[in-house]
There are 2 protein chains.
Amino acid sequence: MPATSRPTSRDVAQEAGVSQSTVSLVLGGKWAGRVSPATARGVREAAERLGYRPNQAARNLRLGTTRTVMLMVPTLTAPFFGPVYTGAARVAAGHGFGVVVHVWPDDAGPADSPFAAPHEAIDGILASSMAVDALAGFRGTPAVMLDSDPAGPAPTVEFGVADGMRDLVAHLAGLGHRRFGHVAAAVDQWTFRVRAEALAAAVAALPGGVLARSECAIEATSAREAAARLLARPDPPTALVCDDDLLAAGAYKAARALGLDVPGDLSVTGFDDVLLATALEPELTTVRLPAEELGARGMTALLELLGGGRPRRCVLPGRLVVRGSTGPPRIVL
Amino acid sequence: MPATSRPTSRDVAQEAGVSQSTVSLVLGGKWAGRVSPATARGVREAAERLGYRPNQAARNLRLGTTRTVMLMVPTLTAPFFGPVYTGAARVAAGHGFGVVVHVWPDDAGPADSPFAAPHEAIDGILASSMAVDALAGFRGTPAVMLDSDPAGPAPTVEFGVADGMRDLVAHLAGLGHRRFGHVAAAVDQWTFRVRAEALAAAVAALPGGVLARSECAIEATSAREAAARLLARPDPPTALVCDDDLLAAGAYKAARALGLDVPGDLSVTGFDDVLLATALEPELTTVRLPAEELGARGMTALLELLGGGRPRRCVLPGRLVVRGSTGPPRIVL
DNA sequence: GAGGGGAAGTCATACGTACTACTCGACGCA
DNA sequence: TGCGTCGAGTAGTACGTATGACTTCCCCTC
């Protein structure tokens, strides 16, 4: 064995004075009744001495499985994916699976080149908030989509985004609001389309309901400008419904710039309930999406799929969390 | 070929009426002068028809390399790692390498079980903000540590955290502050230790400088309590130096709860300059750490290491960003 | 017509592991 | 003594790919 390359099971065998088969049996833990305890100990000590670690590529080839699942996300910047990962990894670990994360920006093309993705030595894919066609290049690999269009090719686990939005509007309507502004993420993701549609439908169903819309990037400065445009209208909204919590932070700033008090002069809502929601002042009324459970359920579904089953579509309800950023509209006489 | 398993290069060969070698040559792109254009086209069409995708495990085993690098991070929740990934992935892609992210919580033990980490089919490790001993189980795998103790076993790329902290204190001292409070992250990471030491040293070097410290988790509520404890002291600080931007959000809330204006009655600073910093009101004075460049330089160093070189330690300076959360202390008569 | 040489492919092998099927000896029992 | 059985271990092979060594055929030149 040259000093430069890692020791193999054959090196361990030589060191321990046994055959490679025996090393594999011992280290694989399946030696009961086949190898004497003394020999087994000798093998383990030899492995230890040489610092042996099995070659994963060889294992994977031999076993035909990697017991590794890929979590595909469009970005690492959104804090939302932390809990999703946590839930998925917890379930996976319980079944002896590992999880690697791969970032697949929305603007990347489909994985059409057969050699484009060297990290693909995986058994399955958990794709969160991804465009449907991102999976195009992975045909043949079992996949479950999270928080994505259920009309796509793979089984999905979703949030009850539409219900959450309805609850939000009902809450605001109950406070007396009728004129709404939508600070909308200009991102082509299923979840945002659903949010927009549910919001429009809920407001339309409200007697006297009016909705204006303004788009922005997922970033506070851009959201601030979008909110400012809405507030500059001749008939400004009394409530700003923002597509996520970070956009709501931008709305806060637009309000303050105009000298408007939140929630006295303007109600603001977020969506997702990430850490930021309670860091803001006032704390943000938002819809809590059970992100960790999304990851956990998604992984459960994927493991079922890998086991040959057919997971059913699953919807996790969002829950309205009323905090300090919403209140009755000021009556202008 | 059973319908259930994926087609191999041998299946493609049969479909195209050539040998497996030829398929490998064509799809590997090394057929110039060895295979006729017509045959090559036939092979590619056959591969397309069957939906062939090469088995990565077999490739990896044969080639002895995966051209994949693992980015190890302690959490996905911190927005800080998004840019780090982006920088690393950009450089990696330029060299034909892929990047997978693996989460390794601070409280996880070293990877000592030889079978614990199935995701390890990788050529190298980029470990960001990790405890030094997290690499213990990966001995033999080339690694570069980011934003970690340079006294560790692997080459490092660091931020000039100490310099950044010194600049911050100089800025506050220039405004007239002498009594400082440290809202400190109770996390055993190198970067936080350096921040604490640099802060303590800078304040001690200041004539009349006083420093109080209060610890918290990396989370707004906990930070709020820590800040409140500092502000409840008989001689409360006039400036709160927070270990990162999220903690500063907690400090804001503690201040407002006491009716203190930021920056009129109390100056607050953050660290890192993540998205949140400009979402807060007032916008946060902080130290900008070039996270994307950290990822890029780290990957450059790792690729150098993989190529047999010896990268030098590299320090990326942080830059003070003065925004609206700092001002001269109110003089109490 | 012999022989060189290039174009177009194929053969065979190795990568490191896991595991089935085998060997070999010792022991128990009739 | 002969035979079955069991314990302890090994030989050999397959997983799917990439590639160096080889073959075959045809054309060209002397």
Side-chain angles (χ1 to χ4, degrees), chain A residues 1-2 4-44 46-47 50-67 96 114-115 118 120-121 123 140, chain B residues 1-2 4-43 46-47 50-67 114-115 118 120-121 123 140:
Chain A
M1 170 196 73
T4 53
S5 82
R6 282 171 37 160
T8 72
S9 60
R10 219 163 245 110
D11 297 320
V12 176
Q14 190 170 7
E15 170 85 9
V18 297
S19 74
Q20 184 267 333
S21 324
T22 304
V23 172
S24 182
L25 285 174
V26 170
L27 297 184
K30 311 197 175 159
W31 53 282
R34 302 203 41 176
V35 178
S36 76
T39 307
R41 186 150 33 79
V43 168
R44 272 195 292 260
L50 297 180
Y52 169 72
R53 325 207 55 231
N55 179 317
Q56 290 299 331
R59 266 177 81 81
N60 295 345
L61 175 58
R62 174 67 230 241
L63 297 175
T65 173
T66 59
R67 297 192 84 73
F115 295 96
E120 266 178 65
D123 289 346
Chain B
M1 170 195 70
T4 53
S5 84
R6 280 170 41 158
T8 72
S9 59
R10 219 164 246 111
D11 297 320
V12 175
Q14 190 170 7
E15 170 85 10
V18 298
S19 74
Q20 182 267 333
S21 322
T22 304
V23 172
S24 182
L25 285 173
V26 170
L27 297 183
K30 310 199 174 155
W31 53 282
R34 299 203 45 178
V35 178
S36 75
T39 307
R41 186 151 32 79
V43 167
L50 297 181
Y52 169 72
R53 323 207 57 231
N55 178 315
Q56 290 298 331
R59 267 176 80 81
N60 295 344
L61 175 58
R62 174 67 228 237
L63 297 174
T65 173
T66 59
R67 296 192 86 74
F115 295 97
E120 264 178 67
D123 289 347

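So that the names make sense, note that chain A is the first sequence line, chain B the second, and so on, each numbered from 1. Keep in mind that this is a model prediction, so the values were computed, not measured.
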Discussion item. Quick check on DNA chain C: between B/Val35 and B/Ala58, whose nearest nucleotide comes earlier from the 5' end?
Written reply: B/Val35
Item to complete: State the CG-CZ distance between B/Asp11 and B/Arg6, to the nearest 0.5 angstrom.
Response: 11.5 Å
Worksheet entry | Between OH on residue A/Tyr52 and CZ on residue A/Arg44, distance to nearest 0.5 Å | 14.0 Å
Discussion item. Taking any heavy-atom pair under 4.0 Å as a contact, classify B/Ser21: base, sugar-phosphate, or nothing.
Written reply: base
Worksheet entry | Minimum heavy-atom distance between A/Ala46 and A/Ala16, given as atom pair plus value | CB-CB, 3.8 Å
Worksheet item: Roughly, in whole Å, what's the span from CZ in B/Arg41 to C1' in C/dA8?
Response: 16 Å
Worksheet item: Atom CD of B/Gln56 to atom P of D/dT17: distance rounded to whole Å?
Response: 10 Å
Discussion item. Given C/dC19, D/dA21, C/dA21, identify the nucleotide with an atom nearest to the side chain of A/Arg62.
Written reply: C/dC19
Worksheet item: C/dT10 phosphate, OP1 or OP2: any side-chain N/O from B/Ser19 under 4.0 angstrom?
Response: yes
Worksheet item: Bend angle of the helix from C/dG1-D/dC30 to C/dA30-D/dT1 from five-pair axes at both ends, rounded to 10°?
Response: 70°
Worksheet item: Between B/Val23 and A/Leu25, who's closer to the 5' end of DNA chain D by nearest nucleotide?
Response: A/Leu25
Fill in: Presence of B/Ser9 side-chain N/O under 4.0 Å of D/dT17 phosphate oxygens OP1/OP2
yes
Item to complete: Give the nucleotide from the list D/dT10, C/dG9, D/dG9 with an atom nearest to the side chain of B/Arg34.
Response: C/dG9
Worksheet item: B/Gln20 CD to C/dA8 C1': how many Å, rounded?
Response: 17 Å
Worksheet item: Do B/Ser19 and B/Thr22 pass the side chain to side chain donor-acceptor pair (under 3.5 Å) test, and can you show the C-alpha distance, the side-chain angles, and the key distance before you say yes or no?
Response: CA-CA 5 Å; B/Ser19 74; B/Thr22 304; 3.2 Å; yes
Worksheet entry | B/Arg67 to B/Asp123 - nearest heavy-atom pair and separation | N-OD2, 2.8 Å
Worksheet item: Does CD belonging to B/Gln14 count more than 12 external heavy atoms closer than 6.0 Å?
Response: no
Practice prompt. Let me know the distance between CH2 of A/Trp31 and P of C/dA18, rounded to the nearest Å.
Written response: 17 Å
Discussion item. Side chain of A/Ser24, heavy atoms from C-beta onward: which of C/dC19, D/dC15, D/dT19 has the nearest atom to it?
Written reply: C/dC19
Discussion item. How many whole angstroms separate atom CG of A/Asn55 from atom P of D/dT17?
Written reply: 17 Å
Worksheet item: Given that A/Thr22 and A/Ala57 both sit by DNA chain C, which one's nearest nucleotide is further toward the 5' end?
Response: A/Ala57
Worksheet item: Which one, D/dT19, C/dT17, D/dT17, comes nearest to the side chain of B/Lys30?
Response: D/dT19
Worksheet item: What is the distance from CG of B/Leu63 to C1' of C/dG16, rounded to the nearest Å?
Response: 14 Å
Practice prompt. Calculate the interatomic distance between A/Gln14 atom CD and C/dG16 atom P; express it in whole Å.
Written response: 14 Å
Worksheet, complete the sentence: Distance col, row B/Gln56:CD vs B/Leu61:CG, nearest 0.5 angstrom, shows 12.5 Å
Worksheet item: Between D/dC15, C/dT17, D/dT10, which one does the side chain of A/Leu61 approach most closely?
Response: D/dC15
Fill in: Interatomic distance where CG belongs to A/Asn60 and P belongs to C/dT17 [whole Å]
12 Å
Fill in: Where B/Leu50 and B/Glu15 come nearest, the two heavy atoms and their spacing
CD1-CB, 3.9 Å
